[in-house]
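Okay, structure first, notes after.
What's counted below: heavy atoms across the whole structure, side chains too, no hydrogens, waters or symmetry copies.
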Amino acid sequence: MAKGKGPKGKKITLKMAKNSIRISFDGGRRLDLSKMGITTFPKCILKLADVDELDLSRNMLKKIPNSIEKFQKLRWLDLHSNQLEELPKTVGTLQNLFYLNICNNKLTTKNLPEELNLLKNLRILNLGLNCLDSIPPTLGALKDLKELGLFDNFLTTIPNSVKRLPKLQKLNAERNPFPESKKEEYVDPIKRIESLYLVQEKDLCSSCLKTCQEERDKLNKFKNTTPCPSKKLSFPLLLTPNSTAMDNQEQWRLKDEDV
């Protein structure tokens, strides 16, 4: 092998790609080319651009071409654990996308396309395990985003526009070099009301008071048997692939009946 050349990847034919189409749990068509040793984007799969889901994870891809825009029906795109250094701007045209996993690559803030903010239907975005030193405030335009993975980068702050996304439920920003005063803020910034008192006990009738006391006892019992949420949180959809790599990619999927 000539010096300077990387490993020769596996060639994917159209027949191989067709045989890799699976039916997902919700009836969609998923093209699964994960763990195939691919080093360049297979042009032949452009003939299968009507699939609903595309899995190119755990390969050796360094670049995704502009032609990714042909996958206009795409709702689920998994590119995690490759060697991507940039994403094409055309990814912003995938308006049906609700799941985008690009963690464990070599993406920098400079090469993160601003057009990501055009993905208005995005529910889950995983940017963990990259080389990001900042997050574009424009990601605050993703108003439907529910889960965001930013773990294992080089972040020192997160824009308020991102922290205050109206539907954000989970934000995993662990193992970033945040200032000490900020670390707790980024473990789980979603504010929740655990107790709300509308009236005093003396103002309740005996029947209502008894019901409230029973419900409070149940809540206290639950708290005593459930790990406190202030401890280390679990992010089932924002897992670090190197630590818990599961062959069954269904574990990475969004199980949301609203989608």
*Output, in order, the C-alpha distance, side-chain angles, deciding distance and verdict of side-chain contact (heavy atoms from CB on, under 4.5 Å) for Gln72 and Asn96.*
CA-CA 7 Å; Gln72 284 299 305; Asn96 290 314; 5.6 Å; no
_Audit row: Ile102, Leu127, side-chain contact (heavy atoms from CB on, under 4.5 Å) steps and yes/no_ = CA-CA 6 Å; Ile102 46 180; Leu127 296 168; 3.2 Å; yes
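- With sequence neighbours excluded, no residue forms a salt bridge (charged side-chain N to carboxylate O under 4.0 Å, His left out) with Lys62.
- Heavy-atom neighbours of Glu114 CD from other residues, nucleotides or ligands within 6.0 Å: at or below the threshold of 12.
- In terms of the salt bridge (charged side-chain N to carboxylate O under 4.0 Å, His left out) criterion, Asp133 has no residue partners (sequence neighbours excluded).
- Here the side chain of Asn172 pairs no donor or acceptor atom with the backbone of Phe151 at under 3.5 angstrom.
- In this structure, CD1 in Ile38 is found 4.0 Å from CD1 in Ile12, a value given to the nearest 0.5 Å.
- More than 12 non-hydrogen atoms from other residues, nucleotides or ligands lie less than 6.0 angstrom from NZ of Lys120.
- Using a 4.5 Å heavy-atom cutoff, the side chains of Asp52 and Ser24 are not in contact.
- Of the possible polar contacts, one joining the Arg123 side chain to the Asn121 backbone as a donor-acceptor pair under 3.5 Å is found.
- Distance alone, capped at 3.5 Å, is enough to place a donor-acceptor pair between the Asn176 side chain and the Leu150 backbone.
- Heavy atoms only, all atoms of each residue included: Pro65 and Pro88 are closest at O-CG, 3.6 Å.
- Shortest non-hydrogen contact noted between Leu97 and Trp76 is CD1-N, 3.7 Å.
- Side-chain contact between Ser161 and Leu139: absent, with no pair of heavy atoms (C-beta onward) separated by less than 4.5 Å.
- Note on Phe178 and Phe154: separate hydrophobic clusters, where clusters join Ile, Leu, Val, Met, Phe, Trp and Tyr whose side-chain heavy atoms are under 4.5 Å apart, directly or indirectly.
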*Please lay out, stage by stage, how Ser81 and Ser57 fare under the test side-chain contact (heavy atoms from CB on, under 4.5 Å).*
CA-CA 6 Å; Ser81 302; Ser57 65; 5.5 Å; no
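- When Leu56, Asn59, Ile64 are each tested for a side-chain contact (heavy atoms from CB on, under 4.5 Å) with Leu84, only one passes: Ile64.
- The line from CG of Asn101 to CG of Asp78 is 4.5 Å long, rounded to the nearest 0.5 Å.
- Between Ile68 atom CD1 and Leu79 atom CG the span is 7.0 Å, to the nearest 0.5 Å.
- Each of Asn126, Leu122, Leu94 was evaluated against Leu100; a single residue qualifies, Leu122, per the side-chain contact (heavy atoms from CB on, under 4.5 Å) test.
- The cluster map of Ile, Leu, Val, Met, Phe, Trp and Tyr, joined by side-chain heavy atoms under 4.5 Å apart, puts Leu118 and Leu148 in different clusters.
- In this structure, CG on Leu54 lies 10.5 Å from CD1 on Ile21, to the nearest 0.5 angstrom.
- Under a 3.5 Å cut-off, the side chain of Asn82 and the backbone N or O of Asn105 do not form any donor-acceptor pair.
- Across all non-hydrogen atoms, the minimal contact from Thr156 to Pro179 is O-CD, 3.3 Å.
- Scanning all heavy atoms of the two residues, the minimum distance from Lys163 to Ile158 falls at CE-O, 3.5 Å.
- Panel note: side chain Gln95, backbone Gly92; a donor-acceptor pair is recorded below 3.5 Å.
- With sequence neighbours excluded, the residues forming a salt bridge (charged side-chain N to carboxylate O under 4.0 Å, His left out) with Arg29 are Asp50, listed by chain and number.
- Smallest separation of non-hydrogen atoms from Leu155 and Ser134: CD2-N, 3.4 Å.
- Counting all heavy atoms, side chain and backbone alike, Asn153 lies closest to Gly128 at ND2-CA, 3.8 Å.
- Under 4.0 Å is where a charged nitrogen must lie from a carboxylate oxygen, and between Arg75 and Asp26 at least one such pair does.
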*Please assess Leu46 against Phe71 for the test side-chain contact (heavy atoms from CB on, under 4.5 Å), listing each intermediate value before the final yes or no.*
CA-CA 8 Å; Leu46 295 176; Phe71 290 82; 3.7 Å; yes
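- To the nearest 0.5 Å, atoms CG (Asn66) and NZ (Lys63) are separated by 7.0 Å.
- By the 4.5 Å heavy-atom criterion applied to side chains, Ile45 and Lys43 are not counted as neighbours.
- Note that CD1 of Ile124 and CG of Leu142 are 13.0 Å apart. Values are rounded to the nearest 0.5 Å.
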